[in-house]
**Q** 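One structure is given below, represented as structure tokens, and several questions about it will come after.
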Amino acid sequence: MQANYGYRDGSGEYYITIDTDKCDSCGKCVEACPSKILVMVSDPFDPMSDADIPIVIEAERKKIKYTCGPCKPVDKEREEPCIKACEPRAITHSW
Amino acid sequence: MATEDSEYWRWKEYNWKDPEMDWKDAEFITAGVDVGSVSSQAVITLDSKLFAYSNMRTGSNSPDSARNAMNWALEDTGLDLEKIQYVVGTGYGRVNVPFADRAITEIACHGRGANYMYGPTVRTVLDMGGQDCKAIRTDEKGKVTAFLMNDKCAAGTGRGMEVFADLLGIHIEKVGEESFKVEKEPPAVSSTCVVFAKSEATGLLRAGWPKNKVLAAYCSAMAHRVVTLLERLGVEKEFAITGGIAKNSGVVKRIEKELGLTALDVNLDTQIAGALGGALFAEALAKKAQKQG
């Protein structure tokens with residue numbers, strides 16, 4: 001599942017996409033996030049599944065442009081901590 | 001004093017049950033309660049078949065709204081809450097359904113509900129709710145494969161349409177047809193924010209626009225807004241709209257036109273999709289619990 005968390009406003013599109021098919025439920029992204037906007041929960045979009053997946057906390061979803069701002073890399077070699085921590089490469093940012 | 005006639009935003013609340021069905025024949029009796037920001041629904045299913053439902057406004061107290069919706073759905077069915085084996089709560093107020101066995105997100109429930117209502121060919125579901133809207137992609141079993149929530153505010157939703165119905169003095173249930181009574185489709189209002197759009201509309205009325213034209217401009221703005229949301233996620237056929245706005249042809253037809261796709265039609269209340277999905281999940285979860293003993 002492609003889970004998109006975020007919003008669009010006059011300045012652009014801000015979405016964090018988590019591909020739960022790639023996710024191996026390791027939880028490293030949750031630890032890597034300095035702002036603690038991610039949390040591991042039992043898959044809320046598939047009640048029949050027992051897998052834990054990371055989600056963006058709902059109260060944080062509409063603030064990610066600002067919350068994630070300090071993590072945005074200054075050059076192309078570096079990556080956001082959540083993206084870097086994810087070995088299966090399940091996390092992407094749209095901006 | 002406001003009278004019933006002057007409350008243009010007020011839509012009809014009602015309950016329904018299938019007279020052909022008898023709960024005594026059913027093995028699994030389950031229910032879903034969707035406490036939304038504007039409306040609440042309760043759906044009862046018998047062995048995965050729709051049996052009864054209610055649809056009413058959410059009050060200021062979520063647990064009360066959940067109880068009222070459930071009681072109304074139960075009315076005249078001969079059933080009572082104790083006989084329902086599993087209840088799922090969903091919607092904004094899902095954690096406030098006191099008698100629910102489990103809370104499930106409305107995204108999962110709308111995917112599952114739309115799969116029942118529109119059939120397994122549905123791949124894209126647009127849920128246009130009271131205070132937000134969501135684009136959901138599902139597989140043939142109604143399982144969510146991708147989703148995108150709406151933007152920051154309540155623009156492009158049922159609440160916005162209620163505000164406009166009230167401003168223009170056109171009853172909410174007639175908004176769709178009235179919005180087509182224009183000679184030429186006007187340009188969309190530039191703001192989708194309910195508050196800004198309302199001031200823009202007031203300006204247009206003062207400039208001499210007939211109210212149908214203002215309504216058409218607002219419906220187009222709303223349609224355009226959700227189409228942008230859908231396009232970001234990607235639209236795959238078949239396409240369906242759930243939620244209250246699905247009853248508003250003024251918005252639906254404009255979305256269809258912009259997408260170049262026809263939305264599936266259904267002979268069921270589009271507002272019950274979430275609660276129905278909840279009831280179906282409730283049955284699956286009841287079966288799972290039984291297996292595990």
Side-chain angles (χ1 to χ4, degrees), chain A residues 1-25 29 35 37-69 82 86 88-95, chain B residues 32 86 88-90 92 94-95 101-112 132-139 141-153 155-156 190-193 196 225-226 228-229 231-234 277-278 280-289 291-292:
Chain A
M1 177 185 57
Q2 299 280 338
N4 296 287
Y5 305 92
Y7 61 92
R8 179 195 50 155
D9 66 13
S11 68
E13 282 192 349
Y14 307 94
Y15 288 102
I16 296 175
T17 305
I18 302 177
D19 186 336
T20 57
D21 299 325
K22 287 185 184 165
C23 176
D24 60 5
S25 308
C29 53
S35 306
I37 69 162
L38 295 167
V39 64
M40 291 299 282
V41 292
S42 163
D43 191 344
F45 307 104
D46 184 3
M48 307 317 290
S49 157
D50 296 319
D52 279 352
I53 59 161
I55 62 161
V56 174
I57 296 167
E58 178 56 22
E60 298 287 342
R61 177 173 76 82
K62 298 176 183 178
K63 298 190 282 200
I64 58 171
K65 176 186 173 185
Y66 308 100
T67 323
C68 298
C82 57
C86 181
R89 314 293 294 166
I91 303 178
T92 45
H93 286 207
S94 71
W95 78 109
Chain B
Y86 206 103
V88 161
T90 185
Y92 268 168
R94 62 177 171 270
V95 292
D101 297 283
R102 183 157 165 192
I104 296 176
T105 60
E106 59 268 34
I107 292 179
C109 288
H110 271 272
R112 187 71 187 80
D132 68 1
C133 63
K134 301 173 189 77
I136 307 164
R137 296 266 301 269
T138 64
D139 66 9
K141 289 189 178 122
K143 190 170 175 291
V144 179
T145 55
F147 72 85
L148 183 63
M149 291 186 226
N150 74 320
D151 304 335
K152 279 191 153 179
C153 64
S190 54
S191 176
T192 42
C193 164
F196 289 153
R225 199 183 123 93
V226 296
T228 342
L229 191 78
E231 279 171 349
R232 184 157 201 308
L233 190 73
L280 296 170
F281 275 131
E283 183 172 324
L285 290 164
K287 281 180 183 160
K288 197 176 165 184
K291 239 184 233 168
Q292 287 167 351

**Q** Check each atom of B:R232 against the heavy atoms of chain A and say whether the ones under 4.5 Å are side chain, backbone, both or neither.
**A**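 Side chain of B:R232 only, per the 4.5 Å heavy-atom cut-off to chain A.
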
**Q** Is B:R112 salt-bridged to A:D46, going by a charged N under 4.0 Å from an acidic O?
**A**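 Between A:D46 and B:R112 there is no salt bridge, as every charged N stays at least 4.0 Å from the carboxylate O atoms.
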
**Q** Rounded to the nearest 0.5 Å, how far apart are CD1 of A:I91 and SG of A:C82?
**A**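 Reported value, rounded in 0.5 Å steps: 5.0 Å.
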
**Q** Do the ring planes of A:Y5 and A:F45 sit parallel (below 30°), tilted (30 to 60°) or perpendicular (above 60°)?
**A**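 Tilted: the ring planes of A:Y5 and A:F45 meet at 30° to 60°.
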
**Q** Checking A:Y14 against chain B: side chain, backbone, both or neither under 4.5 Å from a heavy atom?
**A**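 For A:Y14, neither part sits under 4.5 Å from chain B.
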
**Q** Closer than 3.5 angstrom, by distance alone: can the side chain of B:T145 be matched with the main-chain N or O of A:M1 as a donor-acceptor pair?
**A**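 Such a contact is absent between B:T145 side chain and A:M1 backbone.
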
**Q** Checking B:I136 against chain A: side chain, backbone, both or neither under 4.5 Å from a heavy atom?
**A**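 B:I136 has no heavy atom closer than 4.5 Å to chain A.
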
